[in-house]
Structure formats: C-alpha cells, structure tokens
Peer 1: 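Dropping a structure here in structure tokens format, bear with me for questions.
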Amino acid sequence: MLVLPKGVRHIPRFLDIDEQRALVAEIRDVVRAAPLYVPVMPRSGKPMSVRMTNCGTLGWVTDKEQGYRYQDVHPVTGEPWPAMPGRLSRLWEEVAGYPHPPEACLVNFYEPEAKMGLHQDRDEADFDAPVVSISLGDSCLFRIGERTRGGRTVSLRLDSGDVVILGGEGRLCYHGVDRIYPDTSPLLKKPGRINLTLRRVTLPADSSA
DNA sequence: AAGTGACA
DNA sequence: TCAT
C-alpha cells in the first residue's frame, strides 16, 4: 500500500484528453513567445537535463551567478513572460484551496533521458499556497520524500493528465523525477514529458489573516 | 541550490 | 547517503 506524505495529494487523470490537448496547445503558444532554454546550477554552472520556460507575472530561473530566483522577464530574450492562460488559473481555483491567483507557471520539458534530482520548492515567499503540478505526455517515475533530506521516500508513476498538489504539511516535501517512460503517451508530437507547476510566489497584499 | 560523484 |  502506497502512502503519500501528509499534505501531498495525487489526482490521477484529473484532466481528460480534450483538456490535455487544449493545455498543450496553450503551452505551445507560451513556448513560441518564451523559448525553452537550458537552466544551469548555481556556482557550478552545470546544466540541468530539463529545458524550462515560464508563463505568468513571474518565472523561476537559475543561473551560475545569481542562482535560484523568480524574475519578471525571460533570461534569454529579456521579454516579460507570456500571460498565465485562463485555463491554468481556473485549474488552480479548482484544486488549490487558496484564495489568490497563481503568479508563476514553471514549464519543464523532459526529453526521455531527462531527470530531476530531489529538491524542495522553497524560493517562494508564500508557503501557505500549495504547489500544483500537472503532467502531460509521457509518464514518469516521480519520487517524493519528507521535508528533510535523507528521509524516507516513496515513488509513484505519474501519467498524462495527473495532478499532484503539495500543500500544507506537504508543501516543502523533497521531490524529483527519476525517469521518463518513453512512448507511453501519444499526446505530444515529440517524445517526452511536460510538467507544469503553478505557484504563488509573493505574499498577497492582504495576507494579515 | 533542482547535479554529480565518492563512498559505505 | 553525503558533501557540495
């Protein structure tokens, strides 16, 4: 029996095939305006194996000099990020349980060989808002742990249309992608997987609850 | 530091 | 798993 950490919710096939296709079309528009680029690790400058872009008012970026951060422009083009598609804002409203809109949607494209090491999403000012993750295309082996490194981890397969929510006690759980299962979905024209993560970055102006 | 390699 |  697979037990997820508290605060971590996996909703298999939350999006039906038509919704997935519509989302992919919107992401293609995003990528046309804000091209995928290869992010590199702070200090070492080592490249990550995924390619990234963002939409929304802010985007998560990393480079050798300044490291992990959010900024309002694409690091290569210098242009503002494309707007958050309404479909993603609505999805957030449905599942986030948080009364303010997402500010960033990080778009990660995994080629079949790509991986993502275990990490926390901790570059946001607001940890009360969840992180909402959407899988599109090829399936992957996702691994999630506790809020400290070296704790127990559990692995689960994520398929196209699945949604994972890291909220509450699960908000800062370590997580990563160990492998992509090639040719497991016909959704994308190219082999691979798209992951979208919706985040609230800044504290809302009226967060004095 | 979301990568990687040394080490047990 | 740890150091980085």
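Note on naming: letters A, B, ... go to the chains in the order of the sequence lines (proteins, then strands), and numbering restarts at 1 for each one.
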Peer 1: Holding to salt bridge (charged side-chain N to carboxylate O under 4.0 Å, His left out), I want the full list of residues that pass it with A:D128, two or more places apart in sequence or in another chain.
Peer 2: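 A:D128 satisfies salt bridge (charged side-chain N to carboxylate O under 4.0 Å, His left out) with no other residue.
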Peer 1: Write down the partner of B:dT4 under the Watson-Crick or G-U wobble criteria, each distance required to be under 3.5 Å.
Peer 2: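 B:dT4 is paired with C:dA3.
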Peer 1: Under the salt bridge (charged side-chain N to carboxylate O under 4.0 Å, His left out) rule, collect the residues that match up with A:D63, sequence neighbours excluded.
Peer 2: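 Only A:R69 meet the salt bridge (charged side-chain N to carboxylate O under 4.0 Å, His left out) criterion with A:D63.
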Peer 1: Give me the other members of the hydrophobic cluster that A:F127 sits in, counting Ile, Leu, Val, Met, Phe, Trp and Tyr linked by side-chain heavy atoms under 4.5 Å, directly or via other members.
Peer 2: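 Hydrophobic cluster check, A:F127: joined to A:L172.
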Peer 1: Suppose clustering is done on Ile, Leu, Val, Met, Phe, Trp and Tyr with side-chain heavy atoms closer than 4.5 Å. Which residues sit in the same group as A:M1?
Peer 2: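 Same cluster as A:M1: A:V3.
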Peer 1: Under 4.5 Å between side-chain heavy atoms, chaining through other members, with only Ile, Leu, Val, Met, Phe, Trp and Tyr counted: pull out the rest of the cluster around A:Y181, sorted by chain and number.
Peer 2: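 In the cluster with A:Y181 are A:L141.
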Peer 1: Restricting to salt bridge (charged side-chain N to carboxylate O under 4.0 Å, His left out), what partner residues turn up for A:R32, sequence neighbours left out?
Peer 2: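 Salt bridge (charged side-chain N to carboxylate O under 4.0 Å, His left out) list for A:R32, sorted by chain: A:D29.
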Peer 1: Can you list the residues that meet the side-chain contact (heavy atoms from CB on, under 4.5 Å) rule with A:L156, with sequence neighbours excluded?
Peer 2: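 side-chain contact (heavy atoms from CB on, under 4.5 Å) check on A:L156 returns A:L2, A:L4, A:H10, A:F142, A:I144, A:L158.
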Peer 1: Where along residues 166-182 of chain A does a heavy atom come under 4.0 Å from DNA chain B, residue by residue in number order?
Peer 2: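 Per residue number, the list is empty: none.
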Peer 1: Pull out every protein N or O sitting under 3.5 Å from an N or O of nucleotides 3-7 of chain B, one pair per line with the distance.
Peer 2:
{"unit_1": "B:dG3", "atom_1": "OP2", "unit_2": "A:G117", "atom_2": "N", "d": "2.6"}

Peer 1: List the residues meeting salt bridge (charged side-chain N to carboxylate O under 4.0 Å, His left out) with A:D162, not counting sequence neighbours, and say none if there are none.
Peer 2: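 Applying salt bridge (charged side-chain N to carboxylate O under 4.0 Å, His left out) to A:D162 gives none.
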Peer 1: Hey, can you pull the residues of residues 50-76 of chain A with a non-hydrogen atom under 4.0 angstrom from DNA chain B?
Peer 2: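 DNA chain B contact set from residues 50-76 of chain A: A:W60, A:Y68.
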Peer 1: Heavy atoms only: give me the nearest A:R193-A:N195 pair and the separation to one decimal.
Peer 2: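 It is NH2-OD1, 3.2 Å.
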Peer 1: What is the distance, to the nearest angstrom, from the CD atom on A:Q120 to the C1' atom on B:dA2?
Peer 2: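 Rounded to whole Å, this separation is 11 Å.
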Peer 1: Hey, could you give me each pair passing salt bridge (charged side-chain N to carboxylate O under 4.0 Å, His left out) that has a residue in residues 173-187 of chain A? Not counting sequence neighbours.
Peer 2: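 Every pair satisfying salt bridge (charged side-chain N to carboxylate O under 4.0 Å, His left out) with a residue in residues 173-187 of chain A: A:R143-A:D178.
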